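For reference, the structure discussed in these notes is given below.
Every chain is numbered from 1, with letters handed out A, B, ... down the list of sequences. From a predicted model like this one, the values you see are computed outputs, not experimental measurements.
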There are 2 protein chains.
Amino acid sequence: MTSSAEPVSRAERKKQELRREIIDAAFDCFAERGYHATGIADVATRLGIGHGTFYRYFQNKRDIVDHVVDDLVGRVTGALTAENAPDAVSTLAEYREQSARIGESLARIFGEDPRVPRLLLFEAPGIDRAMAERILDLFDLAAALTSAYLSHGVELGYLRADLDVDNTARAINGMILGTAISSLRTPEAQTAQSEALRRVMYDGIAAR
Amino acid sequence: MTSSAEPVSRAERKKQELRREIIDAAFDCFAERGYHATGIADVATRLGIGHGTFYRYFQNKRDIVDHVVDDLVGRVTGALTAENAPDAVSTLAEYREQSARIGESLARIFGEDPRVPRLLLFEAPGIDRAMAERILDLFDLAAALTSAYLSHGVELGYLRADLDVDNTARAINGMILGTAISSLRTPEAQTAQSEALRRVMYDGIAAR
DNA sequence: CATCGAACGGAATCGCGTGTCAGTTTCGGA
DNA sequence: TCCGAAACTGACACGCGATTCCGTTCGATG
């Protein structure tokens with residue numbers, strides 16, 4: 001797949017490598033001081049390159065933050081979709097396992113590096129309207145996925161027949177969001193947090 | 001209470017009034033173009049005053065956004081606490097009613113003016129670290145309140161005895177957060193959304 | 001080793017927004 | 001009607017950071 005041939009001259013590879021490094025350095029800076037507070041010079045200095053060089057790789061400041069966010073969004077959607085087809089499941093027990101798996105996957109991304117949720121949830125939406133829309137798109141995508149899982153469960157009869165799949169999906173994603181945000185301050189509560197989340201989903205909160 | 005006397009000269013009242021108007025205008029601007037994109041001049045122009053005047057009322061740009069946020073946080077905490085003592089409730093049915101009431105109250109604030117959630121959730125956290133912490137504080141406060149309700153319910157026996165109150169509180173607040181965010185794009189779904197939220201809380205999602 | 005083009009660095013440019021200040025207006029009281 | 005204090009105004013000084021540009025360096029090629 002990556003062998004789409006072409007020159008791939010040694011120099012070309014070097015170039016792609018630096019491009020990659022710039023994206024990473026920008027991510028570091030944005031996460032550390034925030035988007036508006038970091039200058040192009042900061043990013044360049046962190047890599048030990050002149051800031052004029054930056055402009056050989058990216059159009060402008062707005063351009064790079066898009067690439068940084070691309071990267072993070074990719075990681076998240078990857079975790080959401082990888083190895084987890086909605087129709088791979090046919091009982092409630094299997095569904096619980098699958099949701100636990102997805103939950104862990106997200107927890108890993110968010111928990112291992114709190115800068116990821118910080119940037120996506122706290123920094124990005126304040127950059128401009130377009131970026132805020134991108135984040136909302138991400139929420140919508142997540143809602144659509146969750147919704148598909150729920151629909152599947154309703155069809156097979158292991159979830160409530162009268163479930164309002166779309167809105168319930170958003171509610172569930174909200175809980176996940178809440179977990180991600182909590183973990184910004186108390187990363188160690190992650191596990192208990194997602195356990196509580198699953199209990200609410202499956203058992204509700206009322207006494208029996 | 002407000003009659004703490006003192007001069008309250010006519011001029012003094014005028015002054016407080018303008019101060020108030022500046023806060024409102026700043027809110028309008030921040031919500032419209034975002035914090036970083038609005039200049040003091042924009043705020044002043046909107047009121048038809050010179051921007052020098054602004055500095056007679058507030059120290060600087062950072063100062064005013066604090067006051068704007070104060071205002072919004074006040075509205076939200078007001079909705080969360082007003083007329084809703086945790087111990088005013090003693091059965092599950094009453095608890096459902098109370099939670100519906102609080103939900104409606106929040107829905108009113110967020111639904112009537114989407115700029116409120118947009119500013120609190122999307123704009124504020126990106127301003128600087130201190131502001132992000134303020135928003136996290138607000139989440140913590142909300143979690144503590146919800147937690148108190150849940151504890152009360154566990155003690156009286158109408159909620160599950162093994163409920164992890166703290167983490168469940170955060171999960172529930174997450175769902176509320178999800179609702180607020182959804183309503184940024186689809187305000188009309190508010191009601192269905194919070195209905196779904198309550199169903200998850202009380203009935204879970206599994207078939208019986 | 002000479003040549004040439006591409007990549008690099010960082011000094012200089014440019015525009016913008018914050019915050020100040022000195023002159024002007026408003027207003028209440030005598 | 002007049003005076004002085006307080007409030008207002010907007011031109012201006014200032015700093016900061018994004019972007020440009022050109023002299024220098026690097027490295028491939030013959």
Sugar-phosphate, base or nothing in reach of B:Thr45, heavy atoms under 4.0 Å: nothing

Euclidean distance, atom CD1 of residue A:Ile64 to atom C1' of D:dT19 [Å, nearest integer]: 15 Å

CZ on B:Arg56 to CD1 on B:Ile49, rounded to 0.5 Å: 11.0 Å

Whole angstrom value for the distance that separates P of D:dG17 from NZ of A:Lys61: 9 Å

Flag side-chain contact, heavy atom, 4.5 Å: A:Met131 against A:Glu123: no

Protein-nucleotide distance (A:Tyr55, atom OH; C:dA11, atom P), rounded to Å: 16 Å

Gap between atoms CG and P, on B:Asp42 and C:dC16 respectively (whole Å): 13 Å

Parallel, tilted or perpendicular: rings of A:His152 and A:Tyr158 (30°, 60°): perpendicular

Atom-pair distance (CG on B:Asp63; P on C:dT18), nearest Å: 14 Å

Length of the CG-C1' vector between B:Asn60 and D:dG15, whole Å: 16 Å

Backbone of B:Ala142 reached by a side-chain donor or acceptor of B:Asn173 within 3.5 Å: yes

Name the pairs: protein N/O against N/O of nucleotides 7-11 of chain D, kept only if under 3.5 Å.
unit_1 : atom_1 : unit_2  : atom_2 : d
D:dA7  : OP1    : B:Lys15 : NZ     : 3.3
D:dA7  : OP2    : B:Arg56 : NH2    : 3.1
D:dC8  : OP2    : B:Tyr57 : OH     : 3.1
D:dT9  : OP2    : B:Gly50 : N      : 3.0
D:dT9  : OP2    : B:Thr53 : OG1    : 2.7
D:dA11 : N6     : B:His51 : NE2    : 3.3

Spacing between A:Ile40 atom CD1 and D:dT19 atom C1', to the nearest angstrom: 9 Å

No-hydrogen, no-angle side-chain donor-acceptor test under 3.5 Å, A:Asn167 and A:Asp164: yes

Rounded distance (Å) that lies between atom P of D:dG17 and atom OH of A:Tyr35: 14 Å

Distance-only polar pair, side chains of A:Ser194 and A:Arg198, donor-acceptor under 3.5 Å: yes

